[in-house]
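Right, one structure below, let's go through it.
The model shown is predicted, which means the values in this text are computed figures rather than measured ones. Heavy-atom basis, side chains included; hydrogens, waters and symmetry copies ignored.
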Amino acid sequence: MHVMIAGGGIGGLTAALCLHEIGVRVSVFESGSGLEELGVGINVLPHAVKEYQRLGLVERLLESGVELQTYAWFNKFGQRIWSEPRGRSAGYDWPQISIHRGHLQRILSDAVSERLGAGTQHWNHHLAAAEQIGDRVRASFVDRRSGATVGTCEADALVGADGIHSAVRSLRYPDEGPPRWSGNMLWRMTVETDPVLGGQTMIAVGNARTKIVGYEISRAAKERGRSLFNWIAEARLGEPGSPLPERENWNRESSVDAFLPYFENWCFDWLDVRDLARRTGKVWVFPMVDRDPLDRWTFGRVTLLGDAAHPMWPIGSNGASQAVLDCRCLADSIARYEDLAEAFGAYESERRPATASVVLANRANAHDEVLEIAERRAPDGFDDIRDVASEEELKAICDRYRLTARFDRSQLQDD
């Protein structure tokens, strides 16, 4: 069997590795001009790390990234609301890894070249059209910069892993329109600093309208006693569902001056946001968007995966990890069923409802609901969080999200 994958990001490359593992021939077509280590940080949760362990890549991830031990939530005054252990510190067999997005993509791309061959990945190949002819799919590709045709390919199937602006998805949903904006903007950046809260701790500070999220992402910096701190400043600029101010782009540069007015007084004894911002270099801005869940991903021999299928708000650190789960499910389904229609049907039946639940849970703030509880009940801060919410209530919120996103420890240990 030969499968074309449109999209050479984390989902597309992971899918290539999973499919290769079961003996499928793969060709990956990426719109970009080459692998550049762009972007900033990403979290790979234990359910995804489990799949990378199966692919023999966990040590490479740990050589680059940092094993997370704790997740902690704070109000806008820097007071701790809730914290919990993560990864192996929480008893999982697999770590939670914080890593530079570009480094993760490089690790995956190198693995594809090593295992599938250097000719597997095709750059400057943007999907222009695809048609099904009997039991084959024929796709044509263009150079997106010039519009020139760069080639065609025929295969047994086409997987759209080409992101939130998926060309594959648009073939079936041409009138879907732009993504749905949450009303919030995200400013993403990194800065080398002293370890925050001792390091290996992910923080979420504030509320749904104004928030800071951060974690360290570099083993090399950690070995020098420093921390390459990936952080995101988030601010509400519009109402949910209102028109997007601009097309989202991970690589559009901005500046700290664009968001600092929203964090004027955010100086805690453990974090000075203004000082952190002034020491930060490049800043990328991105509107926080998703799309409504679809009622169908698969059309004959064409299906969707990752952000092309279920783009979600980056609350809960689940976007990339859910794509990894898609990849494993897709490969396992193809290995289980001789008939491709049955395989794609089994894949979609498992993953479409599961990811729709995560999309909707993220819209409801996922585990960051603990921030909203503190904001609603104690907008001026608190002396003791137990006067605001019980440990049982806060723990239940986080437990519920783990179950929804399928990274509760009991779910993984029993697989």
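- Residue pairs meeting the ring pair (Phe, Tyr, Trp, His ring centres under 6.0 Å) criterion with at least one partner in residues 177-226, sequence neighbours excluded, are Trp187-Phe259.
- Taking Gln132 as the reference, nothing meets the side chain to side chain donor-acceptor pair (under 3.5 Å) condition, with sequence neighbours excluded.
- Between Arg224 and Glu192 a salt bridge is recorded (basic side-chain N to carboxylate O distance below 4.0 Å).
- Qualifying ring-ring contact (aromatic ring centres under 6.0 Å, His included) partners for Tyr71, counting only residues two or more places apart in sequence or in other chains: Trp73, His367.
- Applying the 6.0 Å contact sphere to CD of Glu114 captures more than 12 heavy atoms from other residues, nucleotides or ligands.
- Side chains of Thr280 and Trp231: a donor on one and an acceptor on the other come within 3.5 Å.
- Residues meeting the side-chain contact (heavy atoms from CB on, under 4.5 Å) test with Ala366, sequence neighbours left out: Ile315, Asn362, Tyr401.
- Between the side chains of Glu234 and Asn184, at least one donor N or O sits under 3.5 Å from an acceptor N or O.
- Ion pairing of Asp272 with Arg274 is absent here, as no side-chain N (NZ or NE/NH1/NH2) approaches a carboxylate O to less than 4.0 Å.
- Under 4.0 Å is where a charged nitrogen must lie from a carboxylate oxygen, and between Glu393 and Lys395 no such pair does.
- Contacts of Asn265 classified as side-chain contact (heavy atoms from CB on, under 4.5 Å), with partners at least two apart in sequence or in another chain: none.
- Not counting sequence neighbours, the partners of Glu67 by the side-chain contact (heavy atoms from CB on, under 4.5 Å) test are Leu62, Arg88, Pro95, Gln200.
- The closest side-chain donor-acceptor pair between Asn43 and Gln96 falls under 3.5 angstrom.
- For the residue pair Trp94 / Gln53, a side-chain donor-acceptor distance below 3.5 Å is found, with atom types taken as modelled.
- Looking at residues two or more places apart in sequence or on another chain, you find no ring-ring contact (aromatic ring centres under 6.0 Å, His included) involving His2.
- For Asp384, the CG atom counts as densely surrounded, since its 6.0 Å shell holds more than 12 non-hydrogen atoms of other residues, nucleotides or ligands.
- Ring to ring, Phe268 and Trp270 are close: their centroids are under 6.0 angstrom apart.
- With 3.5 Å as the limit, one finds no donor-acceptor pair spanning the side chains of Asn124 and Ser33.
- Looking at Asp332 and Arg328, a side-chain N of the basic residue comes within less than 4.0 Å of a carboxylate O on the acidic one, giving a salt bridge.
- Residues forming a side-chain contact (heavy atoms from CB on, under 4.5 Å) with Asp257 (at least two apart in sequence, or on another chain): Ser255, Arg278.
- With sequence neighbours excluded, the residues that form a ring-ring contact (aromatic ring centres under 6.0 Å, His included) with Tyr347 are Trp297.
- Summarising the local packing, CZ of Arg376 is surrounded by more than 12 heavy atoms from other residues, nucleotides or ligands at distances under 6.0 Å.
- When the salt bridge (charged side-chain N to carboxylate O under 4.0 Å, His left out) test is applied to Arg352, the partners found at least two apart in sequence or on another chain are Glu348.
- Using the six-membered ring where Trp is involved, His125 and His122 have ring planes that are tilted, between 30° and 60° apart.
- Applying the ring pair (Phe, Tyr, Trp, His ring centres under 6.0 Å) definition to pairs two or more places apart or across chains, none involves residues 189-209.
- Judged purely by distance below 3.5 Å, without hydrogens or angles, the side chains of Ser64 and Arg219 never pair a donor atom with an acceptor atom.
- Among residues two or more places apart in sequence or in another chain, the ring-ring contact (aromatic ring centres under 6.0 Å, His included) test is passed with His47 by Phe407.
- In Glu338, the CD atom is not crowded: 12 or fewer heavy atoms of neighbouring residues, nucleotides or ligands sit closer than 6.0 Å.
- Between Arg363 and Asp292, at least one side-chain nitrogen of the basic residue sits less than 4.0 Å from a carboxylate oxygen of the acidic one, meeting the salt-bridge criterion.
- Ionic pairing of Lys211 and Asp368 is present here: one or more N-O contacts between side-chain nitrogen and carboxylate oxygen are shorter than 4.0 angstrom.
- One finds a salt bridge joining Lys76 and Glu375 here, because a Lys/Arg side-chain nitrogen approaches an Asp/Glu carboxylate oxygen to under 4.0 Å.
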